[in-house]
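For reference, the structure is listed below as structure tokens.
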Amino acid sequence: MITDYQNDHCRFKVCHQRGQILSWQPRGQADVLWCADENLMSLDKPIRGGIPLCWPWFLKGDSGDLAPSHGFARIADWRLVSNRQLEAGTHRLVYQLTSADTSSPHYPHDFCLTLEYLIGEILTMSMTLQAFTAAAPTPAFGAFHSYFNVGDIEQTLIEGLGSPSIDNLANRQRVQEPEQVMITGPTEKRFAASNEARQTVRILDKAHQRTIKLVQAGHSDVMLWSPWTETGHSLKDTHPDDYKHFVCVETAAISSPFANHASLTIFSDKEPQYR
Ligand SMILES: O=P(O)(O)OC[C@H]1O[C@H](O)[C@H](O)[C@@H](O)[C@@H]1O
């Protein structure tokens, strides 16, 4: 179910069947991505960890009644269409999912979705949608639902999210946010992606003495999620203390649909930039 790779820059793990990266460990660093214990995983359920692609809706969609939650892409069988190493040693993996492989009454269109990963010193994930439907397809929403590995969530700050947030756990109230956001309990907050074409968010992980930098394009929102102590309880595919070691910073299309292309690039910098 899980395949390990190594190149000059990093080690990484993928689940080819899900087209999902689960681990990316740049040379000399701790894993940048968090992933649940393999013994608690099952292909019957979404794999909790790495970067699942939620598509073509987020949670249960705007209507609140779409199933499966977070769309069908993260539980579909993807096809690996290219797997090679570039000259610089970086791996390039390309997966495709088409309407012939999976179908949903909530997205009744002919499409081909391509996911491309460049995995080396930096990690880039990009998604391209080709629609073959004569009529305009139903708008597609979702997220690159990234799980980031942090040494200690209580010593982690996230900056570049902007303000205000919309707090899903407080009746969608608008909350004025500081420049650096700290997670101190269950968190489910949505931030508007900046008006600039590209937005940078930083995760300052004091315990690992590193900064993870995310540069995104094509997403309208950023979701910040931590289940806090729900790990090991309502989240049955996790252990009780897991919440201490991950934060989800999800570049997402929630308030506006995805265009045909969206990307996320992740850098991990060992220099301590924690202030
Ligand atoms: O458990 P999952 O279906 O993977 O969803 C995990 C989480 O994803 C997002 O961040 C949502 O905002 C949360 O409400 C949800 O609990």
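Below, each value reflects all heavy atoms present in this structure, side chains not excepted, and no hydrogens, waters or symmetry copies. All ligand and atom numbering here is 1-based and tracks the order in the structure.
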Worksheet entry | Intermediate values then yes/no, side chain to side chain donor-acceptor pair (under 3.5 Å), Y147 and D242 | CA-CA 11 Å; Y147 287 78; D242 279 351; over 6 Å; no
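- Listed for the D221 side chain is a donor-acceptor partner under 3.5 Å among the backbone atoms of I254.
- In this structure, R18 pairs ionically with D77, as a charged nitrogen and a carboxylate oxygen lie closer than 4.0 Å.
- Counting the atoms of ligand 1 from 1 in the order shown, those under 4.0 Å from a heavy atom of E188 are 12 (O), 13 (C), 14 (O).
- Using a 4.0 Å cut-off between heavy atoms, N168 makes no contact with ligand 1 at all.
- Per-residue contacts place E250 under 4.0 angstrom from the following atoms of ligand 1 (heavy atoms of the residue considered): 9 (C), 10 (O).
- Of the protein's heavy atoms, W225 CH2, 3.5 Å lies nearest to atom 6 (C) of ligand 1.
- Considering both main-chain and side-chain atoms, H70 comes within under 3.5 Å of ligand 1 through a nitrogen or oxygen pair.
- Contacts with ligand 1 closer than 4.0 Å are made by no heavy atom of K45, backbone or side chain.
- Relative to atom 3 (O) of ligand 1, the option among H145, R74, R48 with the closest non-hydrogen atom is R74.
- Applying the side chain to side chain donor-acceptor pair (under 3.5 Å) rule to H208 yields the partners D205; only residues at least two apart in sequence or on another chain are considered.
- The side chain to side chain contact (heavy atoms under 4.5 Å, CB included) search around S23 returns K13, D31, not counting sequence neighbours.
- Listed by atom number, the atoms of ligand 1 under 4.0 Å from M223 heavy atoms are 12 (O).
- Taking CG of L22 as the start and CE of M41 as the end, the distance is 5.5 Å to the nearest 0.5 Å.
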